[in-house]
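A quick note: this is a predicted structure, and the numbers were derived from the prediction, not measured. The figures that follow rest on heavy atoms only: side chains count, while hydrogens, waters and symmetry mates do not. Proteins get letters first, then strands, A, B, ... in listed order; numbering begins at 1 in each.
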Amino acid sequence: MQRNSISKDHQLTIRMIITGLMLCIAYVALFGLLLISGMNPIFVFVIGIGMVAFQYFMSDKLVLKATGAKSVTKEEEPKLHGMIERLSQVGGIPKPRTVAIMDIDAPNAFATGRSPKHATVAVTTGLLNRLNDDELEGVIGHELAHIKNRDVMVMTWASLIVVVAGFLMQMLFWMSLFGGFGGHRREGNGGQAMAMMMAVYVGVIVIYFISQLLISTLSRYRELAADREGAIMTGSPSNLASALKKISGQIARIPEKDLRKVEHANAFFIIPALQGNAIASLMSSHPPTEVRVERLMEMQRQNWHLLR
Amino acid sequence: MGLLKALFGRQSKSKTSESSILSTILRIENQNSLDNGKTVILEGCSALLLNTTDHPFFEDIDSSLENSAKNLVILNSKLSGSKSEAFNSCWILFKNTFKDKMVDDINSFSTHMADLGLADNMTAAIFKSLIGDHITYWICNYRTSKFYPMVPIGNGSRDNDLELEFGEMSAALGVPTEPHENWYSLSDIPF
């Protein structure tokens with residue numbers, strides 16, 4: 001009972017629901033635009049669904065191929081397999097079908113697969129070399145939480161609107177280049193039809209960017225939820241916090257120079273955050289590491305040992 | 001008031017923020033650090049770091065401090081000064097068992113320095129604390145009005161892991177905290 005009450009973050013859940021509702025509105029708006037433009041929305045969405053379904057069912061194979069991750073057996077990596085098996089049991093999900101390692105120095109990890117039964121967890125050699133066992137457990141817990149929360153499914157299908165809007169944008173762009181939106185073919189009200197199509201084009205672009213923004217927001221919320229769920233699995237939020245600090249290279253960014261040697265270089269005068277950073281953070285799929293670490297450490301301050 | 005006056009050489013419109021920036025460091029007192037749960041003890045000594053110029057104030061630091069103390073009737077802390085030739089800088093030490101008074105004194109002294117035309121010379125205010133076994137300095141950069149922790153471990157090295165942990169703690173307490181890339185070192189802190 002206590003575990004349940006601690007594991008819920010109602011504020012985060014509400015934010016995700018609101019973001020989902022806003023995405024629904026974007027879907028309706030796109031559907032309406034297609035109707036106005038005279039295109040068949042069913043046809044366009046069927047094409048979009050086909051593209052997303054391919055991505056959804058092939059996600060594990062595509063990602064493994066793209067990253068060059070190699071599947072490893074229990075005999076080859078007993079510690080990693082043991083850790084994943086144990087945390088999967090704690091999380092109440094089947095052990096992922098594939099455990100893989102990417103021979104990359106950059107510390108990173110990912111989980112993919114359309115369902116817990118078809119899941120893959122992959123880590124880089126850089127991650128294995130840099131993190132201690134506790135920190136690695138924190139990262140694995142986070143990735144397993146993605147599987148448990150079915151984030152691949154949620155994010156893939158949520159991005160359908162971006163796929164459809166992107167497809168439409170390209171289609172309308174080429175139509176405008178070669179067909180003049182068909183205006184020249186329509187006698188009498190050709191100009192009006194062209195203006196209508198231009199309006200649809202602009203509307204599709206707006207929906208595309210708003211949807212992209214909403215999906216990035218949803219993704220950041222799912223990351224925070226995975227941090228929380230992963231911390232519950234391991235029983236130690238600080239493990240993941242420590243790993244995140246190492247992965248993000250925060251330590252590497254702390255300078256060794258003396259304050260007085262840089263003082264005259266006006267190094268500190270860029271006090272307000274740059275505008276570009278703010279936009280980049282809005283479009284980012286992950287929340288800032290500082291925010292994630294802060295939330296995890298806040299969890300650590302509570303009595304998280306009760307979850308062990 | 002002293003801090004921003006030192007920064008801008010004039011009175012700021014926001015008096016609340018002026019007086020509160022330095023005193024935010026008092027929030028760390030008796031807090032528990034996040035990871036190891038050790039209690040933070042702020043020590044009764046701190047310093048103001050200035051870069052030296054040919055201004056008369058730096059010719060004889062001891063007598064300059066004596067004169068300053070006479071002018072500043074509200075100054076409760078014991079003052080002492082030392083020069084750091086390697087960095088052309090000067091340390092003015094404040095000792096006071098009442099930490100809130102010590103912070104007030106640094107503020108007053110900073111205002112006094114600004115009045116002497118030395119606003120641009122002020123680099124940082126440094127506060128010493130003990131967190132478990134670790135001596136931790138809290139450096140308030142006067143250019144940015146933000147704090148960051150520094151945990152020296154000898155031979156010019158620092159414990160970056162602990163610094164990050166303590167930095168998170170101070171930020172969580174609402175202490176204005178520098179981004180990590182500005183956590184510059186101070187190699188010759190004399191206290």
Legend entry - Segment of B:Asn88 engaging chain A (4.5 angstrom heavy-atom cut-off): neither
Legend entry - Minimum side-chain heavy-atom gap B:Tyr148-A:Leu259 below 4.5 Å: yes
Inset, instruction - May I ask you to test the B:Thr177-A:Glu290 pair for a side-chain heavy-atom distance under 4.5 Å? - result: no
Legend entry - Residue A:Glu256 versus chain B: region with a heavy atom under 4.5 Å: backbone
Gap separating the [atom1] atom of [X] from the [atom2] atom of [Y], nearest 0.5 angstrom:
X        : Y        : atom1 : atom2 : value
B:Asn160 : A:Lys245 : CG    : NZ    : 11.0 Å
A:Arg260 : B:Thr123 : CZ    : OG1   : 7.5 Å
A:Met297 : B:Met169 : CE    : CE    : 11.0 Å

Legend entry - Check: B:Ser187 main-chain N/O paired with A:Asp258 side-chain donor or acceptor under 3.5 Å: yes
Exceeds 12 heavy-atom contacts within 6.0 angstrom, atom [atom1] of [X]:
X        : atom1 : answer
A:Met16  : CE    : yes
A:Lys95  : NZ    : yes
B:Lys83  : NZ    : yes
B:Asp133 : CG    : no
B:Lys101 : NZ    : no

